Amino acid sequence: MAKVLTSREENYAQWYNDLVLKSGLAENSAVRGCMVIKPYGYAIWEKMKAELDRMFKATGHENAYFPLFIPKSFFSREADHVEGFAKECAVVTHYRLKNDEENGGLIVDPNAKLEEELIVRPTSETIIWNTYKNWVQSYRDLPILINQWANVVRWEMRTRLFLRTAEFLWQEGHTAHATREEAEKEAMQMIRIYAEFSEKFLGIPVVVGSKTESEKFAGAVETYTIEQLMQDGKALQGGTSHFLGQNFAKAFDVQFTNREGKLDHVWATSWGMTTRMIGALIMAHSDNNGLVLPPSVAPIQVVIVPIYRGDDQLPPIAEVATKIKKELVELGVEVKFDDRDTQKPGWKFAEYELKGVPVRIAIGPRDIENGTVELARRDTLEKKVVPQEGIASYIKALLAEIQENIYRKALTFRNTSTHRVDSWDELIDVLDNKGGFALAHWDGTRESEDRIKETKATIRCLPLDDEMEEGRCVVSGKPSKQRVVIAKAY
RNA sequence: CGGGAUGUGGCUCAGUCUGGUAGAGCACAGCGUUCGGGACGCUGGGGCCGGAGGUUCAAAUCCUCUCAUCCCGACCA
């Protein structure tokens with residue numbers, strides 16, 4: 001097969017980039033740091049979006065939409081929040097262009113300067129809380145359970161397709177509650193939804209945990225995260241859910257009368273997941289032949305490639321292909337019959353492998369004679385000849401098996417790449433040589449955490465589901481109650 | 001914002017040192033042979049060499065300025 005991708009072993013970053021471009025997911029645009037998401041990539045996003053949207057609605061959330069622009073003054077209301085985002089905001093200062101009389105072309109009209117600058121949202125807490133203020137008077141107005149699908153802009157210094165772009169697509173949930181307990185429960189519920197989505201839908205195992213003080217979201221009391229492990233041994237934060245306490249309610253003066261007739265500030269959460277998950281999908285499962293997509297997110301689940309010589313061989317093949325396609329569609333499977341005569345079978349095989357189509361069916365004269373088809377699965381690259389009889393239900397079951405296999409493979413990798421370390425030297429050994437997650441004791445202090453950061457790795461999270469265990473911090477030797485996850489991250 | 005590099009058909013690059021008719025591979029188009037793992041042959045189309053000045057009989061090549069992009073650091077879903 002002609003080499004179109006750099007191999008993972010050769011250069012992982014290059015492999016990733018080649019893959020995104022060659023498989024037609026996305027490409028760089030004329031605007032620095034902003035990508036064009038191409039139809040195949042967007043189709044994956046639409047699938048993710050549909051599933052998440054379903055999960056959100058099943059837990060009582062509704063969608064709404066808030067403005068792209070946020071008045072600058074809103075940002076300064078919550079101190080930590082400004083601190084966190086100020087350095088990466090795009091700012092609108094003018095509202096008109098005019099012809100340049102001297103040099104030709106267009107210039108910004110200096111007379112069209114805005115009274116107050118507008119910030120292109122890097123996240124919407126501020127504009128949303130400014131709005132919620134008008135919606136909440138009584139505990140009867142609560143809870144507010146809203147999600148928004150939107151684009152946001154964070155002016156990153158260095159960008160990478162899907163993993164870090166200046167503009168990205170995401171959903172952001174923003175909820176308001178009458179009690180602390182209810183808001184905490186909501187934040188926890190949402191991180192669990194993300195975990196389930198990642199494992200069941202994307203086939204990517206996660207560690208659910210909470211962030212340290214220094215890694216928390218700007219303005220949050222508690223940040224929960226799902227940490228995923230990529231094939232190169234680096235961690236990726238896959239989604240976050242924040243318990244915001246009363247910080248934003250206080251900053252935006254959102255008060256309500258509670259059941260006892262007393263005035264109180266509203267309790268809040270926010271949670272988000274982004275197009276970065278497409279990057280995670282690639283880095284978790286794909287190989288040197290191209291994408292490996294779990295059937296659940298694959299825009300094309302099954303492709304049928306006819307093999308024929310001369311136009312007279314095609315009709316009987318097309319007849320069988322069309323019949324199989326119809327049966328599969330009836331079972332809810334997304335099938336493409338690629339009967340283009342402009343590309344050869346070999347070319348198509350390579351192309352669909354690159355695009356990660358889970359199952360490929362090839363039908364040629366031989367199969368017509370024998371009543372068979374050739375089936376190839378993308379995850380294992382296995383090929384076998386099977387009877388046409390009962391093919392649809394066979395494939396339906398095969399897709400479920402592929403989904404499961406992809407997850408199992410990623411889980412095995414994650415487990416064998418997770419190392420318990422009990423000393424600084426062991427930690428360094430994992431970070432420098434082995435890669436993956438290091439489970440180590442940490443004393444909970446900023447000093448020890450900073451020391452760990454000097455290695456370029458960070459404390460990814462304090463796992464929620466691991467059992468507590470007494471131990472000694474690998475940095476200071478002081479007592480610790482729990483192991484934390486340390487890894488280099490994207 | 002510090003350090004390094006690069007701008008030449010759609011893409012990857014050669015040509016720049018040593019100035020002298022703009023090249024290759026891929027991609028694209030036509031024709032023919034092919035078609036069970038990215039076919040091959042022949043033919044063809046496509047480039048104010050990032051931009052602006054300058055030196056010269058002559059500039060992709062030398063000089064000055066400028067713009068842009070990429071890589072490495074600090075920031076980050």
Side-chain angles (χ1 to χ4, degrees), chain A residues 1-6 11 13-14 17-18 21-22 27-33 83-89 103 122-123 150-160 162-172 194 211 214-218 220 223-228 235-242 270-280 289-290 305-311 313-314 317 339-355 360-370 372-376 381 383 385 453-454 456 458 460 489-490:
Chain A
M1 189 170 88
K3 189 189 137 171
V4 290
L5 294 177
T6 305
N11 183 339
Q14 186 70 44
N17 205 42
D18 283 1
L21 297 174
K22 296 283 168 49
E27 63 189 35
N28 284 306
S29 72
V31 183
R32 195 201 71 94
E83 174 86 14
F85 289 103
K87 285 171 288 181
E88 51 186 35
C89 286
N103 305 310
T123 179
N151 58 338
V152 289
V153 169
R154 297 181 187 176
W155 215 260
E156 301 289 351
M157 300 310 281
R158 298 197 56 227
T159 59
R160 289 188 67 191
F162 290 116
L163 297 174
R164 187 176 306 112
T165 45
E167 178 192 18
F168 56 93
L169 305 184
W170 76 345
Q171 58 66 218
E172 47 181 326
Y194 287 150
K211 286 289 186 187
S214 73
E215 297 278 328
K216 265 179 2 191
F217 173 74
T223 288
Y224 299 110
T225 176
I226 53 171
E227 294 292 324
Q228 305 164 328
L236 187 83
Q237 181 172 314
T240 50
S241 176
H242 317 289
S270 70
W271 25 276
M273 189 173 260
T274 80
T275 37
R276 179 184 239 195
M277 280 309 93
I278 297 175
N289 296 319
V305 177
I307 291 148
Y308 61 100
R309 191 185 327 222
D311 286 344
Q313 281 191 353
L314 181 59
I317 293 171
D339 61 350
R340 287 178 297 172
D341 62 357
T342 51
Q343 306 293 356
K344 295 175 49 190
W347 189 93
K348 290 177 187 173
F349 289 175
E351 179 70 7
Y352 291 109
E353 234 155 61
L354 186 60
K355 285 184 173 292
R360 183 185 71 232
I361 301 173
I363 310 173
R366 229 156 49 202
D367 298 300
I368 297 301
E369 210 167 293
N370 303 333
T372 56
V373 301
E374 183 193 77
L375 260 191
L381 294 170
K383 285 199 285 200
V385 175
K453 272 189 189 163
E454 286 168 19
K456 305 269 183 201
T458 47
R460 301 313 303 159
Y490 276 95

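Labels below follow one simple rule: chain letters A, B, ... track the order of the sequence lines, proteins then strands, and each chain is numbered from 1. It should be emphasised that the depicted structure is a prediction, and the values quoted were computed from it without experimental measurement.
- Comparing B/A77, B/G38, B/G36 against the side chain of A/Arg154 picks out B/A77 as the nearest.
- Judged by Watson-Crick or G-U wobble contacts below 3.5 Å, the nucleotide B/A58 has no partner.
- Between B/A39 and A/Lys344, a contact under 4.0 Å exists linking OP1 or OP2 to a side-chain N or O.
- Within 4.0 Å (heavy atoms only), A/Gly310 reaches at least one base atom of the nucleic acid.
- Here the side chain of A/Arg276 pairs a donor or acceptor atom with the backbone of A/Leu163 at under 3.5 angstrom.
- Rounded to the nearest 0.5 Å, atoms NZ (A/Lys22) and CD (A/Glu27) are 12.5 Å apart.
- Summarising the geometry, the separation between CG on A/Asn28 and P on B/A68 is reported as 17 Å, rounded to the nearest angstrom.
- Nucleic acid contact for A/Arg32: sugar-phosphate only, since backbone atoms but no base atoms lie under 4.0 Å from a heavy atom of the residue.
- Rounding to the nearest 0.5 Å places CZ of A/Arg460 at 12.0 Å from CD1 of A/Ile226.
- Taking for each of A/Phe349 and A/Met277 the nucleotide of RNA chain B with the nearest heavy atom, the 5'-most of the two is the partner of A/Phe349.
- Among the protein residues, A/Thr165 comes within range of the nucleic acid bases, having at least one heavy atom under 4.0 Å from a base atom.
- Across the strands present, B/G9 finds no partner; the criterion is a Watson-Crick or G-U wobble pair with both atom distances under 3.5 angstrom.
- In this structure, the separation between CD on A/Glu353 and CG on A/Leu381 is 5.5 Å, given to the nearest 0.5 Å.
- A/Lys22 has no side-chain polar atom (N or O) that falls below the 4.0 Å cut-off from OP1 or OP2 of B/U12.
- If you measure from atom CD1 of A/Ile307 to atom C1' of B/G36, you get 5 Å, rounded to the nearest angstrom.
- In this structure, of B/C75, B/G38, B/A77, it is B/G38 that holds the atom nearest to the side chain of A/Ala350.
- Using Watson-Crick or G-U wobble geometry with both donor-acceptor distances under 3.5 Å, B/C65 finds its partner in B/G51.
- Of the candidates B/C70, B/G36, B/A77, B/A77 carries the atom nearest the A/Arg276 side chain, counting heavy atoms from C-beta on.
- Residues satisfying the ring-ring contact (aromatic ring centres under 6.0 Å, His included) criterion with A/Phe168, sequence neighbours excluded, are A/Trp170.
- Between A/Lys344 and A/Glu351, no side-chain nitrogen of the basic residue sits less than 4.0 Å from a carboxylate oxygen of the acidic one, so the salt-bridge criterion is not met.
- For the C1' atoms, the distance linking B/G45 with B/U64 amounts to 38 Å, nearest Å.
- With C1' as the reference atom, B/G47 and B/U12 are 16 Å apart, rounded to whole Å.
- Pairing for B/C70 is with B/G4, a Watson-Crick or G-U wobble pair whose two hydrogen-bonding atom distances lie under 3.5 Å.
- For the pair A/Gly84 and A/Glu374, both in contact range of RNA chain B, the more 5′-proximal nearest nucleotide belongs to A/Glu374.
- Regarding A/Tyr308, its OH atom lies at a distance of 13 Å from the C1' atom of B/U34, rounded to whole Å.
- If you take CD of A/Gln313 and C1' of B/U34, they are 13 Å apart, rounded to a whole angstrom.
- When distances are taken from the side chain of A/Arg360 to each of B/A74, B/G37, B/C75, the shortest belongs to B/G37.
- As rounded to the nearest Å, B/G15 and B/C70 have P atoms that lie 24 Å from one another.
- Atom CD in A/Gln237 sits roughly 15 Å away from atom P in B/C75 (whole-Å rounding).
- Rounded to whole Å, the distance from CG on A/Leu21 to P on B/A27 is 17 Å.
- Rounded to the nearest 0.5 angstrom, A/Ile363 CD1 and A/Ile317 CD1 are separated by 7.5 Å.
- B/U56 and B/A14: their P atoms are spaced 31 Å apart (whole Å).
- Under the Watson-Crick or G-U wobble criterion, with both distances below 3.5 Å, B/C75 has no partner in any strand shown.
- Spacing between B/A5 and B/C48 at atom P, rounded to whole Å, works out to 30 Å.
- A donor-acceptor contact under 3.5 Å links the side chain of A/Lys383 to the base of B/G37.
- Nucleotide B/A27 forms a pair with no other nucleotide shown, judged by Watson-Crick or G-U wobble geometry with both contacts under 3.5 Å.
- At a threshold of 4.0 angstrom between heavy atoms, the contacts of A/Leu354 include nucleobase atoms, whether or not backbone atoms are also involved.
- The partner of B/G46 cannot be assigned: no Watson-Crick or G-U wobble pair with both contacts below 3.5 Å exists in any strand.
- B/A39 is paired with B/U33 under the criterion used here, namely a Watson-Crick or G-U wobble arrangement in which both key atom distances are under 3.5 Å.
- Summarising the geometry, atom CD1 belonging to A/Ile361 is positioned 11.5 Å from atom OG1 belonging to A/Thr372; distances are rounded to the nearest 0.5 Å.
- Going from the C1' atom of B/A52 to that of B/C67 covers 10 Å, rounded to whole Å.
- Here the nucleotide nearest the side chain of A/Glu353, chosen from B/C70, B/G37, B/G36, is B/G37.
- Base engagement by A/Gly364 is indicated by at least one non-hydrogen atom pair under 4.0 Å involving a base atom.
- Separating the C1' atom of B/C17 from that of B/C62 is a span of 11 Å, rounded to the nearest Å.
- Nucleic acid contact for A/Phe168: base, since at least one base atom lies under 4.0 Å from a heavy atom of the residue.
- Judged by atom type and distance alone, A/Gln343 does not reach the base of B/G38 through any side-chain donor-acceptor pair under 3.5 Å.
- In the interface, the side chain of A/Arg309 is not paired with the base of B/G36 through any donor and acceptor atom under 3.5 Å apart.
- Residue contacts for A/Thr274: at a heavy-atom cut-off of 4.0 Å it reaches a base atom on one of the strands shown.
- To the nearest 0.5 Å, the span separating NE2 on A/His242 from OG1 on A/Thr123 amounts to 7.5 Å.
- For the P atoms, the distance from B/G9 to B/G23 is 14 Å, rounded to whole Å.
- A/Trp347 does not qualify as a stacking partner of the B/G37 base, lacking a centre-to-centre distance under 5.5 Å together with planes within 30°.
- The CG-C1' distance, from A/Asp311 to B/U34, rounds to 13 Å in whole Å.
- In this entry the distance linking CD1 of A/Ile317 with P of B/C35 reads 13 Å, nearest Å.
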